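Single-structure report; data block below.
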There are 2 protein chains.
Amino acid sequence: MNIGEIARRAGVSRSTVSYSLSGKRPVAPTTRKRIQDVIDELGYRPNATARALKEGRTRTIGLVIPPAGNRLNHMQLDFVASVVDAAARADLDVLLSPSGGDHDKSFERLISERRVDGVILMEIRVEDARVGRLQQARLPFVGIGHTAGDEEMCWIDVDYAGLIRHTVRHLADLGHRKVALVNRSPELVAAGYGPALRAAEGFAAATAERGVTGIDVPCGDDARSGQDLLAALLDAHPDLTALTTINEAALPGIQRALDDAGLVVPQDFSVTGVAATLWAEDFRPPLTAADVPALDMGDKAVALLVERIASPSTPPRHILLAPPVSLRSSTGAAPAHRAAPAEKAAATRS
Amino acid sequence: MNIGEIARRAGVSRSTVSYSLSGKRPVAPTTRKRIQDVIDELGYRPNATARALKEGRTRTIGLVIPPAGNRLNHMQLDFVASVVDAAARADLDVLLSPSGGDHDKSFERLISERRVDGVILMEIRVEDARVGRLQQARLPFVGIGHTAGDEEMCWIDVDYAGLIRHTVRHLADLGHRKVALVNRSPELVAAGYGPALRAAEGFAAATAERGVTGIDVPCGDDARSGQDLLAALLDAHPDLTALTTINEAALPGIQRALDDAGLVVPQDFSVTGVAATLWAEDFRPPLTAADVPALDMGDKAVALLVERIASPSTPPRHILLAPPVSLRSSTGAAPAHRAAPAEKAAATRS
DNA sequence: TCGGTTACGCGAATCGGTTCGACCGCGAAC
DNA sequence: GTTCGCGGTCGAACCGATTCGCGTAACCGA
């Protein structure tokens, strides 16, 4: 069932059917009605492939996600969902491509076979070969995260440096003198993952500025790692009274380690950071944190990409988001003295 | 840069380039080398759209996920990841379509514009209009979950009835006399979501069989709902000593409600159910549960779909998975007497 | 009455591949 | 010495849409 079949049944030429559908040239009302009746009867919709070939665009965008091994965190998941949603509203389909390494089969297919009109690139690293590949292919794209040196591309990012700086100041104002940054996984930090690097930057700047002692440690992106890490940290630093983090997935583990040590938040220990709203609200007590507007970012990313596809030659735009810190109840004045973890733990175990 | 350009530069016809690439007809080694050199130099890859038009297949499959509003749980997320992965291995791309209602724009586009060669349909309901739509369009598809009446389709499902029955027997064997089933959200239950219905079936059968009292309650798919529900449940049923669940997302909330009530697992209360391995291991103590092999299911779904695309007329196959129950440490002998929640909670609050 | 719009519709070209039929030259077989 | 088969190549048709150029008829004002 194709446009020729419709034309035949309506007794007109194929071009007339096409014009009737697109409205790009006038078609007599009676003819149009006849055509529409046939279309309605057969439930015809023009073949997307043929249309794409002729028009030179696929009405599809690629969404490059971290590879399946690395589990997506809630922020990323919300982002994916909102991209798919926003794309649907713009009558675009979304092609998924898991890609981590530089030479990924599925990524390469997307680009060189021209399956998509544009790409949204998640989890950009500071040195990212995919950016060069996209530029070389002249394919419009929007990065989630930015690379320091490159102003030639469109991107949207969260101002991790600024937000972490903000949280550290907040803790310093509450009297904390020794503060930890629970960063993303060692692998991501080593790979030069932007948010991890910039969080560290902001952390270093703010601790120096306020004269507090800062401990910057990477942590696997899961509850277990968070628990082990914090237990070790509490053990090694009896005077540690607060932490800030960008590692959402470690939060449940952090909570457990604090419980195990018999520390009450925020009386004995303060916790803050940057996280998706859901995670922040799931913490107990609710986390004082900068809420990453992941849903909003998806909308913005699609809008930016659509704009870029329409006019690829305009100078690239950048959006740096700095959501406000929601004061919930996981931070408080520094305790005069934090009981040694061992003795507290013993007390609760009994 | 297209096949004509390659042909021109290599001094051959377009068909020769095509045959050289596909190997469907012999090409002289010298010619082949000349062509390959030009291709390597320009980095040519045949345009996917044009190829799809001629071949009549897009090498793309559609993955229909629950709409963005309903947050995906870990099981579903693992499943999506493994589908994308398995598809990539089979040189297929994955087009995402969020669809809940019956008349979804993006779903309809996928089907009627023939953007995909086949579809994987997640979260099937007992009455699901999308199934009929796919059959009518003669588009191969595999359902995740099955509809009772319809044996005409391919599906993969987890044997929720059997697994829940199994967990209830386990609890009964440990001496529990009153057991709750924490089911999925009221909306899903009302919509006739298969796993929810079948879990209830299995629960009813097993409680009857073992003569234990069963309480079957729906619960929102999030931590907060789990917490509220269980608190209410403990309050209303002082003799409730165990629960089983298929609602992963509620687990963290269940954990909190138990903590708040001062109940220790498994001494005071037993918890079990069906969950993704990650959630089961994240519970404290680790959850005795049937581990849903979501990653495996993705592989199997893609394999089944590929098979069905290749030969659409063979009778549909069904796969019912019944993963073994991993005995971890969240279930134990029923306590002689469970302290009233109020008095225990008061004790911990002090 | 005549030139000039405008409305309407058709045929053909085009997008970038794949594939069928045909052709040519050469060596083997009868 | 013709014929057959086969390796190697080319031209043309085709997939299903869009769109350009052109023809025709009706209608307008001068």
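Predicted model only: the values in this text are computed from it and were never measured. By convention in this document, chain letters (A, B, ...) are assigned in the order of the sequence lines, proteins followed by strands, and residues within each chain are numbered from 1.
With contacts defined as side-chain heavy-atom distances shorter than 4.5 Å, the pair Val12(A)/Val17(A) qualifies. Arg133(A) places a side-chain heavy atom less than 4.5 Å from the side chain of Ser112(A). A 4.5 Å side-chain heavy-atom check between Val64(A) and Met122(A) finds every atom pair outside the cut-off. Residues Arg308(A) and Arg317(A) are not in side-chain contact: their nearest non-hydrogen atoms beyond the backbone lie 4.5 Å or more apart. Contact check for Glu123(B) versus Gln76(B): side-chain heavy atoms found under the 4.5 Å cut-off. When side chains are defined from C-beta on, Leu63(B) does not count as touching Leu95(B), because their heavy atoms never get closer than 4.5 Å.
The structure places CZ of Arg130(A) at 12.0 Å from CG of Leu110(A), a figure rounded to the nearest 0.5 Å. With rounding to the nearest 0.5 angstrom, the CG atom of Leu197(A) is 10.5 Å from the OH atom of Tyr193(A).
Taken residue by residue, residues 45-54 of chain A places heavy atoms nearer than 4.0 Å to DNA chain D at Pro46(A), Asn47(A), Ala50(A), Arg51(A), Leu53(A), Lys54(A). Interface residues of residues 22-41 of chain B facing DNA chain C, ordered by number: Lys24(B), Arg25(B); criterion, heavy-atom separation under 4.0 Å.
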List every contact pair, protein side and nucleotides 25-28 of chain D side both N or O, where the distance is under 3.5 Å.
none

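Here dA17(D) presents its C1' atom at 13 Å from CD1 of Ile6(A), a figure rounded to the nearest Å.
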side-chain hydrogen bond (donor to acceptor under 3.5 Å, both in side chains) evaluation trace for Thr60(A) with Arg115(A): CA-CA 7 Å; Thr60(A) 303; Arg115(A) 275 175 191 265; over 6 Å; no
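Both Ile3(A) and Tyr19(A) sit near DNA chain D, but only Ile3(A) has its closest nucleotide nearer the 5' end. Where Arg14(A) and Leu21(B) meet DNA chain C, the nucleotide closest to each residue was compared, and Arg14(A) sits on the side nearer the 5' end.
Mapping heavy-atom proximity under 4.0 Å, the span of DNA chain C touched by chain B runs 5' to 3' from dG16(C) to dA22(C).
Between Arg109(A) and Asp104(A) there is no salt bridge, since no side-chain nitrogen of the basic residue lies less than 4.0 Å from a carboxylate oxygen of the acidic one. The pair Glu108(B)-Lys105(B) does not meet the salt-bridge criterion, since no charged nitrogen lies less than 4.0 angstrom from a carboxylate oxygen.
The end-to-end axis angle of the helix from dT1(C)-dA30(D) to dC30(C)-dG1(D), rounded to 10 degrees and based on five pairs per end, is 60°.
Between Ser97(B) and Ser99(B), the side chains place no donor N or O within less than 3.5 Å of an acceptor N or O (distance only, hydrogens not considered).
Checking each of Thr30(A), Asp37(A), Thr31(A) against Lys33(A) for a side chain to side chain donor-acceptor pair (under 3.5 Å) leaves exactly one that passes, namely Asp37(A).
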Under 3.5 Å, which donor-acceptor pairs do the side chains of residues 45-56 of chain B form with other protein atoms, sequence neighbours left out?
from     : atom 1 : to        : atom 2 : distance (Å)
Arg45(B) : NH2    : Glu113(A) : OE2    : 3.0
Asn47(B) : OD1    : Thr49(B)  : N      : 2.7
Asn47(B) : OD1    : Ala50(B)  : N      : 3.0
Glu55(B) : OE1    : Arg59(B)  : NH2    : 3.4

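For Ser22(B) (side chain) and Ser18(B) (main-chain N/O), a donor-acceptor pair under 3.5 Å exists by modelled atom type.
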